2 protein chains.
Amino acid sequence: MHRQTIRDVARAAGVSISTASNALNGTGRTNAETVERVKRVAEEIGFRPNALARGLLTKRSHAIGMLTNDTYGRLTLPMAAGVSEVLVDHGLSVFLCATNNDPRLARLHLETLLDRQVDGIIFTATRLDLKPPPELAKLSIPVVYAFAEGPENSISFFPDDAQGARLAVEHLQALGHSRIAHITGPEDYLAVRVRAKAYRDCVGPGAVVLYGDWSEEWGHEAIEQILSRGGDWPDAVFCGNDEIARGVIDALRDKNLTVPGDIAVVGFDNWEVISRQTRPPLTTIDMELKEIGHSAGLTILSLTRGETVPAGITRLPCRLVVRQSSGGQTD
Amino acid sequence: MHRQTIRDVARAAGVSISTASNALNGTGRTNAETVERVKRVAEEIGFRPNALARGLLTKRSHAIGMLTNDTYGRLTLPMAAGVSEVLVDHGLSVFLCATNNDPRLARLHLETLLDRQVDGIIFTATRLDLKPPPELAKLSIPVVYAFAEGPENSISFFPDDAQGARLAVEHLQALGHSRIAHITGPEDYLAVRVRAKAYRDCVGPGAVVLYGDWSEEWGHEAIEQILSRGGDWPDAVFCGNDEIARGVIDALRDKNLTVPGDIAVVGFDNWEVISRQTRPPLTTIDMELKEIGHSAGLTILSLTRGETVPAGITRLPCRLVVRQSSGGQTD
DNA sequence: TATTTCTGCTAAAAGGTTTTATCTGCAGTT
DNA sequence: AACTGCAGATAAAACCTTTTAGCAGAAATA
């Protein structure tokens with residue numbers, strides 16, 4: 001059984017192909033009654049336009065490519081979901097291309113995407129400071145960077161790390177904590193530096209930042225360091241991610257210190273498999289990755305329509321998720 | 001600047017369009033020298049064929065759709081990576097469509113995919129026993145089910161849950177454990193039942209299965225139940241997933257029981273964020289989701305080429321990952 | 001020499017759609 | 001009566017590629 005074409009619609013409705021096309025798309029001059037009839041016939045015989053043929057002619061494939069840096073990490077995916085979610089109702093589909101951080105693979109995917117005449121490309125990375133493939137800058141189709149910084153005059157969306165860090169610290173301060181330490185990841189991450197600076201600005205003198213890696217183990221070790229050191233113990237810890245926070249909480253329990261009673265803890269990421277299952281459940285900062293995806297998707301949509309969008313970096317607000325580890329919520 | 005078409009290649013090489021096409025594709029009768037020249041010219045001017053035009057004519061879009069049941073859970077993504085990985089070298093791209101378990105959305109995505117003339121569809125789910133959209137069965141293009149069971153006479157790929165469970169139990173038995181308990185998820189999951197049965201078959205009389213949910217908390221609670229009960233304590237626990245295993249290990253530590261000294265623990269999933277960070281690191285079963293993606297990808301590739309693939313369910317082997325919680329590895 | 005076979009190449013059709021330019025009638029103006 | 005204007009429709013071109021059928025010339029055969 002053959003797929004129905006516009007030719008079939010035209011024949012069944014007793015009009016020419018042009019009229020059928022005009023009627024269906026609301027273009028040209030057409031009699032209202034004819035339009036009605038053509039639409040009805042099209043519906044009846046189950047006509048759906050061939051996207052390839054349409055794209056060939058209009059130069060708009062109604063598809064975009066999403067180029068991601070890693071093998072679908074936990075950061076990329078919520079963003080991809082956000083992108084897809086906001087585009088599907090506009091008839092846009094998303095090619096997902098994982099580059100595994102391999103330039104050869106990135107180029108291969110990029111070429112394929114261009115061959116397919118995608119209307120735009122969204123690039124996402126797992127680290128803010130990994131550079132996107134330079135070929136992207138030269139494309140003639142719109143490119144949007146999500147969780148990644150593009151070149152001069154490009155459009156990028158980030159989580160607002162500084163605001164997120166402030167959210168965490170101010171939450172702890174509002175609960176009466178004044179000796180807040182910051183245990184975080186490797187200093188060569190841009191996000192780590194941004195958050196640490198915001199933390200320092202908030203707490204003022206007496207700020208303590210410990211850089212390490214992203215693991216639970218480092219959380220343990222950092223607590224060991226802090227407690228074995230002389231002077232006042234902190235009464236709260238703001239951690240660079242949820243894994244570190246979990247390590248911190250476990251270490252404190254081993255030392256017979258209660259959370260949040262003796263020391264309050266706040267994480268970063270709201271990676272639910274960790275943050276919900278920690279005992280007590282973790283107060284943390286959600287980067288709203290899906291929102292970033294939404295913004296990137298809507299932006300690329302505007303761009304493909306020829307609207308102009310101001311270049312620059314947009315930082316989207318993080319959200320504080322209060323659970324029990326900070327003492328901000330009793331439950 | 002215009003994109004170069006085959007017309008430009010033909011002109012630059014001083015041949016007709018047909019010859020250019022034949023030379024580039026190795027079809028028809030062509031002089032070796034001409035072929036060489038055309039290819040060189042094409043390379044020089046950076047010609048890349050328009051996938052839309054080609055697809056329109058050949059009826060093969062070289063794209064497939066991946067329809068997934070959830071918002072990119074931790075199961076879907078490794079599979080998607082596997083699919084993409086194996087297809088990219090054959091010039092196939094993947095549309096990723098998240099249906100959020102919403103039938104309306106599933107139908108919408110499906111229609112769009114068909115409009116785009118995709119060569120095939122891979123359906124994946126997060127639970128083996130959620131039914132895929134029935135429309136899929138009636139399509140005239142190939143459909144493959146990954147981590148999901150299709151209708152009669154379809155092609156499905158699963159992890160071999162029974163073999164995975166046996167792997168875990170036999171590993172513990174080989175280490176000398178004879179009183180092995182099984183703490184797992186909700187009984188209405190098919191995978192839970194399959195694994196529990198395999199476990200029972202392995203340990204024989206004295207089997208103990210505790211059904212609960214997938215959380216760490218349930219791991220704690222289950223240990224509470226087991227230890228407070230009379231009779232011999234188990235000397236090993238096989239858990240239904242890594243989260244439960246983590247809860248179990250934490251609970252045992254609270255009780256001053258050592259792992260693996262007093263009780264050995266094995267998990268299921270090899271979800272690295274948990275299994276590596278548990279103290280001690282978790283021996284667990286990896287479902288090789290990427291492999292499932294590979295198989296699904298290769299199968300759809302064969303099918304789109306017109307080769308026939310026998311219908312039925314293929315169960316792909318799981319892999320035992322030995323870390324310290326089982327005592328099988330000292331390190 | 002006349003016919004066939006083969007080689008290398010090409011014109012033209014096809015694929016399904018959108019869009020431009022044109023073509024009929026018919027009503028309204030001079 | 002001759003013209004303009006307009007509504008409604010349509011033929012044909014265009015998008016870019018692959019493929020079919022055929023053409024000219026040279027080599028091989030009779």
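Below, chains carry the letters A, B, ... as their sequence lines are ordered, and counting in each starts from 1. As the structure is a prediction and not an experimental result, all values here were calculated from the model.
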Under 3.5 Å donor-acceptor, Thr58(A) side chain and Arg54(A) backbone: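 It does hold such a pair.
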Between [X] and [N], is there a contact of a side-chain N or O with OP1 or OP2 at under 4.0 Å?
X	N	answer
Ser18(A)	dT19(C)	no
Arg7(A)	dG16(C)	no
Arg29(B)	dT7(C)	no
Ser16(A)	dT10(D)	yes
Lys59(A)	dT18(C)	no

In whole angstrom, what separates [X]'s [atom1] from [N]'s [atom2]?
X	N	atom1	atom2	value
Arg54(B)	dC15(D)	CZ	P	19 Å
Gln4(B)	dC15(D)	CD	C1'	16 Å
Leu56(A)	dG16(C)	CG	C1'	9 Å
Asn31(B)	dA26(D)	CG	P	15 Å
Leu57(B)	dC15(D)	CG	C1'	13 Å
Asn22(A)	dG8(D)	CG	P	12 Å
Asn50(A)	dC16(D)	CG	P	16 Å
Arg60(B)	dT19(D)	CZ	C1'	17 Å

Side chains of Ile122(B) and Leu67(B) in contact at under 4.5 Å (non-hydrogen atoms):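 A side-chain contact is absent here, since even the closest heavy-atom pair is not under 4.5 Å.
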Side chain proximity check, Leu303(B) to Val144(B), heavy atoms < 4.5 angstrom: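 Result yes, sub-4.5 Å side-chain heavy-atom pair found.
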Could you check whether [X] gets within reach of a base, just the sugar-phosphate, or nothing at all, counting any heavy atom under 4.0 Å?
X	answer
Ile17(B)	base
Thr19(A)	base
Ser21(B)	base
Asn25(A)	sugar-phosphate

Residue mapping more 5' on DNA chain C - nearest nucleotide basis, Gly14(B) or Ala53(B):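 Between the two, 5'-proximity favours Gly14(B).
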Distance-only side-chain donor-acceptor flag, Asn22(B) / Thr27(B), under 3.5 Å: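 Looking only at side-chain atoms, Thr27(B) and Asn22(B) do form a donor-acceptor pair, the distance falling under 3.5 Å.
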Polar side chain donor-acceptor pair, Ser93(B) to Thr112(A), under 3.5 angstrom: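 Side chains of Ser93(B) and Thr112(A): no pair found under 3.5 Å.
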